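Encoded as structure tokens, the structure appears first; notes follow it.
Just so we're clear, the structure is a prediction, and the values are computed from it rather than from any experiment. Labels below follow one simple rule: chain letters A, B, ... track the order of the sequence lines, proteins then strands, and each chain is numbered from 1.
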There are 2 protein chains.
Amino acid sequence: MKTTHNKFVLLAIVIASLTTAYAQDPLPSWNDGPTKKSITEFVAKVTKEGSPDFVPVAERIATLDNDGTLWCEQPLYFQLLFALDRVKALAPQHPEWKTKEPFASLLKGDVKGALAGGEHAFLEIIVVTHAGMTTAEFEKIVADWIATAKHPKFKRPYTECVYQPMVGIEFMRPWTEKAYGIPPEHVVGSSIKTKYEMRDGKPVLMRLPEMSFIDDKTGKPVGINSHIGRRPIAAFGNSDGDQQMLEWTQAGSGARLMMLVHHDDAVREFAYGAESKIGTFSDALMAEAKKNSWTVISMKDDWKTIFASENK
Amino acid sequence: MKTTHNKFVLLAIVIASLTTAYAQDPLPSWNDGPTKKSITEFVAKVTKEGSPDFVPVAERIATLDNDGTLWCEQPLYFQLLFALDRVKALAPQHPEWKTKEPFASLLKGDVKGALAGGEHAFLEIIVVTHAGMTTAEFEKIVADWIATAKHPKFKRPYTECVYQPMVGIEFMRPWTEKAYGIPPEHVVGSSIKTKYEMRDGKPVLMRLPEMSFIDDKTGKPVGINSHIGRRPIAAFGNSDGDQQMLEWTQAGSGARLMMLVHHDDAVREFAYGAESKIGTFSDALMAEAKKNSWTVISMKDDWKTIFASENK
């Protein structure tokens with residue numbers, strides 16, 4: 001888990017069926033240029049009946065990394081920010097945390113210090129914030145948090161830190177209600193083990209303090225195969241953890257679209273890459289992208305609008 | 001795994017969205033009576049806007065056990081029959097199997113003798129027939145088998161051993177193409193571990209000789225929650241392994257439909273229940289069904305047609 005736990009937190013891959021209907025400009029948040037063109041041309045050829053690249057609707061599977069690809073992942077993965085808020089909320093019931101790591105550092109706002117304990121510290125945080133309750137209780141905790149918590153830089157709900165160019169894409173319409181409106185059955189992600197049991201005569205699923213699956217790097221194709229059972233024809237990512245998903249997508253036959261979001265806009269969002277611990281976009285990944293002809297999306301150059309709030 | 005491995009083999013749960021459109025008789029393969037009525041009334045109330053039991057389309061999740069509920073499971077789970085055929089096909093490459101159990105018994109057609117070795121024998125069979133190849137290779141092996149193999153009693157392809165009353169149901173239309181036409185992303189089931197790796201520079205998923213998940217009994221709600229993330233409003237099963245899925249379904253709020261197929265038609269299919277090792281419908285399950293007001297479907301009385309072939 002060492003190499004993947006940074007990314008464990010917010011990772012989710014979503015599935016969307018590409019739709020054939022396109023408005024006059026299906027991508028109004030994208031600047032005109034080769035990147036935008038690579039998307040519209042790809043969709044045109046896979047949806048045109050009789051075309052050698054035609055793909056039947058049921059097979060038009062696109063997988064998209066969540067953190068850093070569909071929404072912001074800085075200054076920390078949002079799920080980690082959620083965990084920190086939960087530690088604060090639970091602290092009154094745990095007076096011992098004042099002197100016990102990693103909680104003592106966390107409660108002082110020292111995230112780096114808290115995570116200095118490595119995997120063990122990380123797991124301790126996950127166990128107290130993500131396990132020990134039923135699935136229904138956990139859903140309510142998350143729903144309450146997402147309704148009230150705000151991003152430290154943008155000062156608005158996390159659900160409004162979704163990238164407009166990504167939700168603006170026509171083929172994602174099936175899941176653009178609310179934040180994205182993705183039906184839960186279309187989300188693949190890291191998961192915790194659950195156990196079916198009776199509680200006061202009612203069946204519940206208890207969340208256990210044990211990881212079931214880490215959806216990162218080589219785990220991504222494994223998770224996609226397990227949940228979808230089909231190979232995607234398009235895949236979007238933004239970091240080293242997405243490389244295998246793009247490789248797996250490209251290795252299928254027929255037309256393919258592989259894209260990587262590059263965070264190079266310090267003014268409107270954040271600029272980071274090879275040196276970042278969160279959402280690392282290494283030089284090796286950039287070299288892979290070039291070698292395999294994957295499209296690198298420049299936030300700065302390719303995205304007319306980054307957040308919906310810019311249009312308000 | 002001891003109590004579940006019998007059922008490991010063919011188990012799959014499928015998800016269908018109930019549709020609102022109904023023909024004059026949406027269930028032509030069902031005899032009129034209280035069982036048929038319980039289905040049509042349930043669908044009517046959850047699909048009628050303004051009704052207190054109305055359920056939005058996205059939440060109309062029905063989960064259906066596969067073996068014995070959607071298709072036949074006798075004289076053996078079809079996936080076990082597949083494994084036996086594979087052992088025969090692979091035997092020329094394994095001369096040592098002639099004297100090595102469980103293969104020696106299998107090759108003599110003695111399934112009972114082969115499985116006398118219990119879980120270990122069972123796993124040995126699974127390992128040689130279900131692991132050690134890529135996911136793509138395995139898909140091809142299964143596709144080739146299903147296209148040619150025939151049921152020992154009915155002398156027709158296994159895909160034609162699907163129960164007509166179940167595929168005839170309007171709300172399953174999304175997956176009634178071919179055998180059922182269920183898209184793979186709507187199938188939840190037991191699974192084997194896979195590993196992403198490069199082979200001759202191409203990424204593949206290798207099937208490992210290790211179970212990842214057993215989708216039976218308490219595992220069914222766990223699998224449903226993991227894959228779908230929503231609680232079903234309707235659940236169909238036929239054996240002890242389905243009890244927890246029905247309990248989990250019933251424990252949600254709003255209208256619910258829980259049904260169990262009872263195999264009581266020795267003439268048109270098979271009659272079995274409490275005494276059967278495959279698809280056990282114990283007296284305890286029958287008592288649970290009564291206590292919880294689950295509907296027990298009598299194949300003999302409730303199904304006008306069992307197999308599509310009867311109409312030919």
Side-chain angles (χ1 to χ4, degrees), chain A residues 12 15 17 56-59 61 134-136 138-139 174-175 177 181-189 191-199 201-208 212-213 217-231 243-253, chain B residues 12 15 17 56-59 61 134-136 138-139 174-175 177 181-189 191-199 201-208 212-213 217-231 243-253:
Chain A
I15 310 157
S17 289
V57 173
E59 291 166 26
I61 304 288
T134 68
T135 48
F138 185 69
E139 278 160 29
W175 46 271
E177 302 154 29
I182 308 166
E185 62 268 29
H186 284 189
V187 179
V188 181
S191 57
I192 211 163
K193 285 203 175 161
T194 62
K195 184 170 176 277
Y196 182 84
E197 59 184 52
M198 285 290 173
R199 203 202 240 185
K202 281 248 176 190
V204 296
L205 287 174
M206 287 301 295
R207 292 173 59 85
L208 307 181
S212 170
F213 177 63
K217 299 186 189 283
T218 59
K220 288 205 178 196
V222 169
I224 289 168
N225 184 64
S226 159
H227 272 75
I228 313 179
R230 283 198 226 260
R231 194 191 298 258
Q243 181 174 331
Q244 289 80 3
M245 176 171 74
L246 269 62
E247 287 171 349
W248 176 243
T249 300
Q250 185 165 32
S253 58
Chain B
I15 309 156
S17 291
V57 174
E59 291 166 26
I61 303 288
T134 69
T135 49
F138 184 69
E139 278 160 30
W175 47 270
E177 301 155 28
I182 308 166
E185 61 269 29
H186 284 190
V187 179
V188 181
S191 56
I192 213 163
K193 286 203 173 158
T194 62
K195 184 170 176 277
Y196 183 85
E197 58 183 53
M198 285 290 175
R199 204 203 240 185
K202 280 250 175 190
V204 295
L205 287 173
M206 286 301 294
R207 292 174 58 86
L208 306 182
S212 170
F213 176 64
K217 299 186 190 285
T218 59
K220 288 204 178 195
V222 169
I224 289 168
N225 183 66
S226 158
H227 272 75
I228 312 179
R230 282 197 227 260
R231 194 191 298 259
Q243 181 174 331
Q244 289 80 2
M245 176 172 74
L246 269 63
E247 287 170 349
W248 175 244
T249 300
Q250 186 165 32
S253 59

Rounded to the nearest 0.5 Å, what separates atom CD in B:E197 from atom CE in B:M206?
5.5 Å

Where does A:S212 contact chain B at under 4.5 Å (heavy atoms): side chain, backbone, both or neither?
neither

Ranked by heavy-atom pairs below 4.5 Å to chain B, first place among A:E247, A:M198, A:Q250, A:K195 goes to A:E247

Please flag which part of A:T194 lies under 4.5 Å from any non-hydrogen atom of chain B: side chain, backbone, both or neither.
both

With a 4.5 Å cut-off on heavy-atom pairs, point out which of B:S226, B:G229, B:P221, B:A251 contacts chain A the most.
B:P221

Classify the ring geometry between B:Y196 and A:W248 as parallel (under 30°), tilted (30 to 60°) or perpendicular (over 60°).
perpendicular

Would you give the length of the straight line joining atom CD1 of A:I224 to atom OG1 of A:T249, rounded to the nearest 0.5 angstrom?
6.0 Å

Let me confirm one number: the CG-CZ distance from B:L205 to A:R231, rounded to the nearest 0.5 Å.
7.5 Å

